[in-house]
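Right, one structure below, let's go through it.
Values below: every heavy atom of this structure, side chains too, minus hydrogens, waters and symmetry copies. Just so it is clear, the model here is predicted, and its values are computed rather than measured. Start at 1 and go down the list; that is how both ligands and their atoms are numbered.
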Amino acid sequence: MSRHLLSAADLDADEATAVLDTAAEMANVAGREVKKLPTLRGRTVVNLFYEDSTRTRISFEAAAKRLSADVINFSAKGSSVAKGESLKDTALTLQAMGADAVVIRHGASGAPHRLADWVDGSVINAGDGTHEHPTQALLDAYTMRARLGRLAGLKVAIVGDVLHSRVARSNVLLLHTLGAHVTLVAPPTLLPVGVGAWPADTSFDLDAVLPSSDVVMMLRVQRERMGDSFFPSVREYSRRYGLDGARMRQLPAHAIVMHPGPMIRGMEIAPEVADSPRSTITEQVTNGVSVRMAVLYLLLGGMNQ
Ligand code: NCD
């Protein structure tokens, strides 16, 4: 594995599988009474979050602590300094403090790549703008493999606001690497320009895609990243692209329903679906800790030592 994890495309199939296998071992630790390994004792992990986050920030913090690293949480939200300058100054501070890994979430696509030029430690992208969120893709792949036993050949529908979703892009890249087949389902206004070059099919018709899907991953409509006019109304959006109970019943019996969170119940997903046995939403959160432990371990303590 290279020093950083900036994109899901940084991992080839062997490396991605190594992360998932290591995460499975880390999951055993979570089942113990003492949920801690000494592996990263004396190493420093900085969580640098310029954007809101619940799951991802807590998950990285829990992962680093379970590996006995020292964790510094830097919540940069609200900073009024010009972005490029402040990021570089912050990077130099982290560098001076001897951070071994920096986990960064930033509203600007590409910010983690810039940071990687400025610090000696590992940089892990925890979500950059509308670009990528590679550890989310890894925890999603882990969850699919855990529930369905394999990734190769799986048919995965990713549904909703693909345009603004870093989760969708990272999932497409990783699932392609691991041999799954992705169909992106969205209204034309919520598909990115150039999506034709992604290793995925596209469809505007959710009902046509569901009966042959093993996995359906619902995305939140990211209103904070859009103006008006991406779709006529919430009601119209839900009617065409929301997953309600009737639609869920079109899925094959074994199929699972995923969501990275935060979900808007009643918009892209009905409560009946989110709380059904097919839903993996809380498992995804649990698996996120094991996957992030694996990533920290492999970048800081494992393969590179
Ligand atoms: C996602 C994100 O922030 O990219 N959430 C997450 O990390 N679990 C998706 C979203 O905000 O809708």
Side-chain angles (χ1 to χ4, degrees), residues 5-8 23 47-64 73 75-77 103-113 124-144 156-175 182 184-187 190-192 215-226 230-231 234 237-238 241-243 256-269 273-274 279-293 295-296:
L5 180 59
L6 303 176
S7 163
N47 285 324
L48 183 63
F49 277 67
Y50 286 82
E51 258 194 11
D52 293 337
S53 172
T54 309
R55 275 154 288 270
T56 306
R57 191 178 52 75
I58 293 173
S59 180
F60 268 110
E61 183 174 351
N73 288 314
S75 176
K77 207 180 172 242
V103 178
I104 177 172
R105 168 167 287 196
H106 200 286
S109 300
H113 298 71
I124 301 171
N125 181 359
D128 63 328
T130 59
H131 184 228
E132 281 222 43
H133 193 354
T135 59
Q136 179 71 41
L138 285 163
L139 77 87
D140 290 337
Y142 182 95
T143 304
M144 290 177 213
V156 181
I158 301 182
V159 184
D161 185 1
V162 178
L163 177 64
H164 300 103
S165 178
R166 50 202 179 200
V167 175
R169 185 191 303 265
S170 287
N171 260 289
V172 167
L173 293 170
L174 185 71
L175 289 169
V182 179
L184 299 166
V185 185
L190 291 178
L191 283 172
V215 177
V216 50
M217 183 184 297
M218 303 307 297
L219 301 173
R220 183 174 65 88
V221 175
Q222 305 210 2
R223 304 199 104 168
E224 75 277 21
R225 299 190 202 279
M226 56 171 84
F230 279 89
F231 50 84
V234 169
Y237 180 86
S238 303
Y241 295 100
L243 191 62
I256 58 172
V257 176
M258 308 183 76
H259 195 304
M263 59 181 155
I264 317 284
R265 288 170 181 259
M267 182 149 177
E268 74 272 7
I269 190 164
V273 177
S279 160
T280 62
I281 296 169
T282 52
E283 280 158 61
Q284 287 169 263
V285 177
T286 305
N287 295 338
V289 178
S290 308
V291 163
R292 287 167 178 132
M293 286 173 78
V295 168
L296 287 168

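Atom 7 (O) of ligand 1 has its closest protein heavy atom at His133 NE2, 2.8 Å. Closest protein heavy atom to atom 12 (O) of ligand 1: Arg220 NE, 2.7 Å. Scanning all protein heavy atoms for the shortest distance to atom 4 (O) of ligand 1 gives Arg166 NE, 2.7 Å. Among protein heavy atoms, atom 1 (C) of ligand 1 sits closest to Gly261 O, 3.6 Å.
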Given side-chain contact (heavy atoms from CB on, under 4.5 Å), test Asn287 with Thr280 step by step and report yes or no. CA-CA 10 Å; Asn287 295 338; Thr280 62; over 6 Å; no
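For the side-chain contact (heavy atoms from CB on, under 4.5 Å) criterion with Asp140, the lone passing option out of His259, Met258, His133 is Met258.
Residue Pro262 places no N or O, backbone or side chain, under 3.5 Å from any N or O of ligand 1. At least one N/O-N/O distance between Pro260 and ligand 1 falls below 3.5 Å.
Ligand 1 places these atoms under 4.0 Å from at least one heavy atom of Gln136: 6 (C), 7 (O), 8 (N). In summary, the atoms of ligand 1 found under 4.0 Å from a heavy atom of Arg105, numbered by their order in the structure, are 2 (C), 3 (O), 7 (O). Every atom of ligand 1 with a heavy atom of Val167 under 4.0 Å away is listed here by number and element: 1 (C), 4 (O), 9 (C).
The shortest heavy-atom contact between Val216 and Val159 is CG2-CG2, 3.8 Å. Minimum interatomic distance between Ala108 and Asp128 (heavy atoms only, all atoms of both residues): O-CB, 3.6 Å. Taking each heavy atom of Leu219 and Glu268 in turn, the nearest pair found is O-CG, 3.4 Å.
The closest approach between any non-hydrogen atom of Glu51 and ligand 1 is not below 4.0 Å.
For the pair Arg105 and Phe49, the cation-pi test (distance below 6.0 Å, angle within 45°) is failed.
The backbone N or O of Gly129 lies less than 3.5 Å from a partner atom in the side chain of Arg166, making a donor-acceptor pair.
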